[in-house]
Amino acid sequence: MPRSTRGKVAPVLLTVDSLEVHWGHVHAVRGVSFEIARGETLGLVGESGCGKSSLARALVQLVKPSKGSVRFEDPKRKLQLVFQDPKAALDPRLTVQATLEEPLEIAGLELKRVPALLDAVGLGAELLPRRPHELSAGQRQRINIARALAVEPTLLVLDEPVSALDVSVQAQVLNLLVELQKSRGLTYLFISHDLAVVSHIATRIAVMQEGRIVELGPAEQVIVTPQHAYTKTLLDAAARLAL
C-alpha cells in the first residue's frame with residue numbers, strides 16, 4: 001500500500017515480514033515486520049543489544065535471516081550500509097581516492113566520478129591523497145557516506161551513523177543526510193539508540209526492545225503521545241540527557 005511521505009503519497013520500497021535472526025542460542029531479532037516507503041526516513045531506535053544492528057545486517061544480506069523475508073521493490077536492489085564507527089569502516093591502507101574508486105570499479109562505473117562524490121558530502125579534492133588517520137572523525141564519516149553513494153543506491157541503512165561523533169559534528173552530518181535525501185531522492189533506515197537524534201530526521205519511528213518492534217508510528221505521534229512504556233522510558237532518558 002502507498003504511504004504518506006512528507007505530505008506526498010509514495011509506494012512501498014522495502015517490506016520486512018516476520019524477520020528473525022538467531023546467533024546460536026541468542027534470538028536477536030524476533031518476528032519483526034515493517035515497511036519503508038520510497039523517499040521516507042524510518043527511524044529505528046532502541047538500547048544497545050536490542051537487535052538493531054542484527055536487523056540492519058540481515059537487510060543488506062551480511063547475515064542470513066533465520067526466518068521471514070525481506071522484499072525490495074527496486075529491481076536494481078541497491079541498498080548500502082553506513083556503519084557506526086567511521087574509522088573502523090575504512091581500510092587504513094587506502095587513500096580517500098582509492099576508497100572511493102573501489103566501489104566504482106566493482107560496479108563498472110567511471111572513476112572520474114570521485115571528485116563529484118567528495119563534493120556531494122561537502123569535502124574537497126585536497127583530501128584525495130590522505131588516509132583515514134589523517135582525517136577527522138566527521139570527515140571519515142562523510143567519506144563512508146560518499147562511498148555508499150558511489151553505486152547510486154536507492155536505500156541507505158544508516159547504523160548509528162553519528163553516535164561516534166561530537167555533538168556539533170553530529171548536527172552537521174544529520175543536515176548533510178537531509179540534503180542528500182532531498183537532492184538524490186534517497187530512502188533511509190536510520191538506526192540509533194538516541195530517540196532525540198532520531199526525532200530530528202525521521203518521518204516515522206519504530207521502537208525496538210529485545211528483538212521486537214514494540215511501537216511504530218509517525219515521528220511526531222511517537223514523540224508526543226508514546227503508547228508503549230519502553231518508548232516513554234527512552235523519552236525520559238533523552239530528556240534527562242538534554243538537561
Side-chain angles (χ1 to χ4, degrees), residues 1 3 12-38 40-90 103 141 144-145 147-148 151 153-164 177 186-195 197-198 201-217 219 222 226-231 233-234 237:
M1 294 291 292
R3 186 177 300 280
V12 171
L13 179 65
L14 181 77
T15 301
V16 178
D17 185 24
S18 303
L19 195 72
E20 300 195 7
V21 177
H22 300 173
W23 300 101
H25 296 296
V26 178
H27 205 161
V29 179
R30 301 168 178 262
V32 166
S33 299
F34 60 85
E35 297 174 341
I36 304 179
R38 188 180 293 272
E40 83 162 325
T41 298
L42 176 63
L44 179 64
V45 63
E47 63 189 350
S48 178
C50 74
K52 304 186 305 295
S53 292
S54 295
L55 174 60
R57 282 156 176 74
L59 296 184
V60 297
Q61 300 181 338
L62 289 180
V63 299
K64 185 177 180 180
S66 306
K67 292 182 181 178
S69 64
V70 177
R71 188 169 71 253
F72 195 55
E73 302 300 342
D74 190 322
K76 297 180 181 179
R77 294 193 60 82
K78 289 187 176 179
L79 292 81
Q80 289 291 306
L81 177 63
V82 176
F83 292 96
Q84 174 180 356
D85 187 339
K87 187 174 183 179
L90 295 173
Q141 194 61 303
N144 281 318
I145 294 169
R147 182 175 59 181
V151 297
T154 311
L155 172 66
L156 286 186
V157 178
L158 302 150
D159 188 7
E160 299 270 11
V162 299
S163 64
L177 290 171
L186 294 168
T187 304
Y188 294 151
L189 174 62
F190 188 97
I191 298 170
S192 178
H193 66 280
D194 190 336
L195 191 50
V197 169
V198 170
I201 193 170
T203 312
R204 291 184 302 136
I205 294 175
V207 180
M208 193 169 188
Q209 182 186 31
E210 297 180 350
R212 295 184 175 90
I213 301 293
V214 297
E215 184 162 356
L216 174 62
V222 172
Q227 301 301 302
H228 196 276
Y230 179 64
T231 308
T233 298
L234 292 177

How about [X] and [Y]: do any of their side-chain heavy atoms sit closer than 4.5 Å?
X    : Y    : answer
N144 : L90  : yes
M208 : V29  : yes
L195 : I205 : yes

Quick one: [atom1] on [X] to [atom2] on [Y], what's the gap to the nearest 0.5 Å?
X    : Y    : atom1 : atom2 : answer
S69  : L19  : OG    : CG    : 7.5 Å
F34  : T15  : CZ    : OG1   : 9.5 Å
H193 : E160 : NE2   : CD    : 5.5 Å
Y230 : E215 : OH    : CD    : 12.0 Å
Q84  : S192 : CD    : OG    : 9.0 Å
I36  : L42  : CD1   : CG    : 5.0 Å

Between E73 and R71, does any NZ, NE, NH1 or NH2 come within less than 4.0 Å of an OD or OE carboxylate oxygen?
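A salt bridge links R71 with E73.
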
Check ion pair E40-R204 (N to O, under 4.0 angstrom)
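Result for this pair is yes, salt bridge flagged.
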
With L155, which of L81, L59, L14 fulfils side chain to side chain contact (heavy atoms under 4.5 Å, CB included)?
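By the side chain to side chain contact (heavy atoms under 4.5 Å, CB included) criterion, L155 pairs with just one of L81, L59, L14: L14.
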
Among T231, V198, L216, I213, find the residue that satisfies the side chain to side chain contact (heavy atoms under 4.5 Å, CB included) test when tested with V207.
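Single pass found, and it is T231.
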
Measure from the side-chain N and O atoms of Y188 to the backbone N and O of L177, and report whether any donor-acceptor pair falls under 3.5 Å.
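Between the backbone of L177 and the side chain of Y188 there is a qualifying donor-acceptor contact (under 3.5 Å).
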
Smallest separation among heavy atoms of L234 and G46, with atom names:
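That would be CD1-CA, 4.5 Å.
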
Looking at every heavy atom in both L156 and A148, which two are closest together, and how far apart are they?
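The pair with the smallest heavy-atom distance is CD2-CB, 3.8 Å.
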
Could you tell me which residues satisfy side-chain contact (heavy atoms from CB on, under 4.5 Å) with P103, sequence neighbours excluded, listed by chain and number?
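P103: side-chain contact (heavy atoms from CB on, under 4.5 Å) contacts with R147, A150, V151.
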
With salt bridge (charged side-chain N to carboxylate O under 4.0 Å, His left out) as the rule and sequence neighbours excluded, what pairs involving residues 53-67 come up?
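Checked against salt bridge (charged side-chain N to carboxylate O under 4.0 Å, His left out) - neighbours excluded - the pairs reaching residues 53-67 are R57-D159.
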
